[in-house]
Amino acid sequence: MSVFPLGRRRQRLHDASPPALVLEDDWSRPSVRWGLGTAHTVLLVLLVIIGLGPILWLAKSAITPTQDTLATPLALFPHGFAWSNLTDAWNTIDIGLYMWNTIVLAFGSLIAQIVVATTGAYALSALRPKFGGVIMALLLTTLFVPPVVLLVPLYVEIVHPPLIDHSFVNNYFAIWLPEAASAFNVVLMKRFFDNLPREIFEAARIDGCGSFRLFFSIVLPMSRPILGVVSIFAVLASWKDYLWPLLVLGNTNLQPLSVRLYAIEDFTPLGYFLAAMLITCIVPIIGFLVFQRGFLRGTGLSGALKG
Amino acid sequence: MAAIRFDGVSKVYGDGTRAVKELDLAIVEGEFMVFVGPSGCGKTTALRMVAGLEAISAGRVMIGERVVNHVSPKDRDIAMVFQNYALYPHMTVAQNLAFGLKLRNISRSEIERRVRDAAAVLDLEDHLERKPKALSGGQRQRVALGRAIVREPAAFLMDEPLSNLDAALRVQTRAEILKIQKRLATTTIYVTHDQVEAMTMGDRIAVMREGVLQQSGTPEHLYTRPANTFVATFIGSPAMNLVPAPVLGLGPDSLIAGFRPEHIRVEPAPDGAVGFEARVEVVEYLGDEQLAHLRLGELALVAKLPVQERVEPGMAAAFAVAREAVLFFAAETGVAAEPP
Ligand SMILES: Nc1ncnc2c1ncn2[C@@H]1O[C@H](COP(=O)(O)OP(=O)(O)O)[C@@H](O)[C@H]1O
Ligand SMILES: [Mg+2]
C-alpha cells in the first residue's frame, strides 16, 4: 500500500493555490484516508513513547525485583513482580516525611509567590505609585540576571539576613523568601491586571470599594486564570528544585525528596530507589490531572463588558 | 438628590490635552441634564470629574452643598452607568446589584427589597442568578442601570449608556431611563454624542465643543435660539441651512443667515418673506416627509418638505422662508447676532 498517493499530490501541488496540505475532498479518497490515518497513528504512538515511555519504564522497574533490574534491565518481569518495593521504599526511606517536606515547601512557595505577585502587581498596575515606572524597570532588569550568579550572594543573605539577626539556614523561610521575590511573577501578573477593564475598577470604586476591597472582591476573583498559571509554575519549580534546598537545608529531616533521593542513592537497593522515584513522580502527575481543567479553562471574563 | 455645580472647572491631562476649559454650569435638583457634543469634546471628562475618577485641574465641582474636588468617588454619593456597562463578571446579576449596598452596611432585608424592586422595574427577575456573560446586550445594560438605581444616590451619571444597543432597543431603553428618572426625580447627567437622544431626553442640554461649553438650555431654547453657528448646526437634523446674508438680500457681508430645513416652502416668496430660486439636486423620500437637496449658486441647502409637494431632481423652483424663521450670526465669530 502506498502511504502517499504521490502522483496525484504532486499534480495538486502544482496548481495549488490553497494553502491546505491536504484538501477537504482529498480526505474522501480511501488511499488518502488510509495513508494519512496511518501516519497520524504512527506519530501519536511515537509521541506517547517519547513522552510517557520513561515514566512507564520507571514504573516497570519500580515493581521489578532489584536482581532482575540489574541482570536483565530490558526484560519484562522475568521473575514476576515485586510490589513490596513500593511499601519497603515508603517505610525504609521514610518517603512520607520527605514527601511532606516537599509538599510544605511547595505550598509555602506557592503562597509566598502568590502574595507577593498579586499585591506587587496590584500596586504597580492599579494603584500606580509615583515611581512605579522606575520600580517596574528595576524589576525587569532583574530578569536578565542569571540565577547562578545570585547563588552566592543569596546564600550570604540567608545566613546573615538584613535587619534580622538570625540565620535562615535549616529554616523553610530560606526557601520561601527567595521564591517569593520573583520578578517574573510580578511582571506576568501586572500584564494581566493591566488588561483587566479599568471601568470595572472604577465602577467598584464608585460602588464603595477602597483599595483593599477592590483587590479582594474584584481584582483577585477576576484573576483566577493567571493565579492558576502562577500556581502551577510555583509548585512545579519548587517540586523539582534541587540545588538551593541542598545548600540551605543541611538537616536531613527538613530536606525535600529531590535532595534526599539523590543523597541516599548510593546506599539504597535499586528496587527501593526506583520505587521511591515513582512515588515522587506520581504525585505531581495526579495533581496535574486533577487540576488541568481549572488551569486550562478560559477566563470567564467575557460578557462583563460589551464588545 | 442634589444639585451639581461646575465653577470654572478645567481639566488638563498629563500629556497636556486641555479636555475641559473653564466650565460653568449649574444643574438643579432632580434635573435631567444632557451633555452633548461631537466625539472628543470633553463630555466624558466633565462627567468623570463629577464622579471623582478624574482629578480636577482648576475650578471646583459641587454636589449639593459640598465641594467635592478632593472627595473620593465612594463618598460622593453618586452612581455611574458606563458605556460598556462594567458589570462584575464573577458575580451574578443579584450580586452585581447588591454589591454597592453591602459595602454601605445596608441591612440584608433592605438590600433584598431594593434588589427585588429594581429587578422588577427592569424586568430582570428571571435572570438574577445568571452571570453577566449569560445575558444579552440589552439585559446587561439594564443590570448596569439597576446597579445605579438600587443605590438611591444623590445623582446618576451616565456615559453614553445606549450607544452599544441596536436602534430599536435604544429607543425603547431611552423611554425606560426617562420613566425611571422622572419617578425617582434623581439629578442626572447624561452624556451622549447623539443630538436626537439629547433633544428627546434632556430637561436641559449643554452643548460642548473642544472642551468649551457652547450653550446650555432647554431643547426648545437650543433649537430656536442657538447661541452660535455650531449649536445651530449641531442641534436638529438635517442641520440648519447657513448662507451669507447678502445672498438672500438679508443684510451686510458681516452676517450669516440661518434657517431650518422645515421652514423652507416651495412657493414664490409672498410679501415680507425671503425668496430664492434654486435647483433641486436630490430628493430623499422618508415616507412622512421628504428632504430636497437644493443648489443655490455655490451653496448647498436642504429643505424638509411635505410629501405632497411635487419636487423632482433637476427642476428649478422658487422657494420661500418666513422672515421670522431666519436667524442671524456674525460671520466672523459665528455668534448669534441681532437681525439687521
Ligand atoms: N486619559 C487621558 N489622557 C490624555 N488625554 C485624554 C484622556 N482622556 C481623554 N483625553 C482627551 O481629552 C479630550 C476629551 O476626551 P473625552 O472627555 O473622552 O471626550 P468625549 O467623551 O466628549 O468624546 C480628547 O481630546 C481626548 O483625546
Ligand atoms: Mg466619551
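Residue numbers start from 1 in every chain, and the chains themselves are labelled A, B, ... in the order their sequence lines are given, proteins ahead of strands. The analysis underlying the following values was restricted to heavy atoms, covering all of them including side chains, and did not include hydrogens, waters or symmetry mates.
For Y172(A), the OH atom sits in a packed shell: over 12 heavy atoms of surrounding residues, nucleotides or ligands are nearer than 6.0 Å. For R18(B), the CZ atom counts as loosely surrounded, since its 6.0 Å shell holds 12 or fewer non-hydrogen atoms of other residues, nucleotides or ligands. For R191(A), the CZ atom counts as loosely surrounded, since its 6.0 Å shell holds 12 or fewer non-hydrogen atoms of other residues, nucleotides or ligands. Heavy-atom neighbours of F215(A) CZ from other residues, nucleotides or ligands within 6.0 Å: above the threshold of 12. Counting heavy-atom neighbours within 6.0 Å of K182(B) NZ, excluding the residue itself, gives a total above 12. With a 6.0 Å radius and a threshold of 12 heavy atoms from other residues, nucleotides or ligands, E110(B) has its CD atom above the threshold.
Contact check for Y88(B) versus P221(A): no side-chain heavy atoms found under the 4.5 Å cut-off. Between S217(A) and L103(B) there is no side-chain heavy-atom pair separated by less than 4.5 Å. Within the 4.5 Å cutoff, the side chain of N84(B) has no heavy atoms near those of the P197(A) side chain.
Rounding to the nearest 0.5 angstrom, the gap separating the CZ atom in R76(B) from the CZ atom in R205(A) is 12.5 Å. Note that the CZ atom of F82(B) and the CZ atom of R198(A) stand 12.5 Å from one another [nearest 0.5 Å]. One distance of note links CE of M91(B) with CE of M222(A); it measures 9.5 Å at 0.5 Å rounding.
Scanning all heavy atoms of the two residues, the minimum distance from A86(B) to A203(A) falls at O-CB, 3.9 Å. Considering every non-hydrogen atom in both A79(B) and I206(A), the closest pair reads CA-CG2, 4.1 Å.
A salt bridge links D207(A) with R151(B): at least one charged nitrogen is closer than 4.0 Å to a carboxylate oxygen.
Listed in order of number, the residues of residues 46-54 of chain B that approach chain A to under 4.5 Å between heavy atoms are R48(B), A51(B), L53(B).
When each of D75(B), I78(B), V81(B) is checked for heavy-atom pairs under 4.5 Å with chain A, I78(B) comes out on top.
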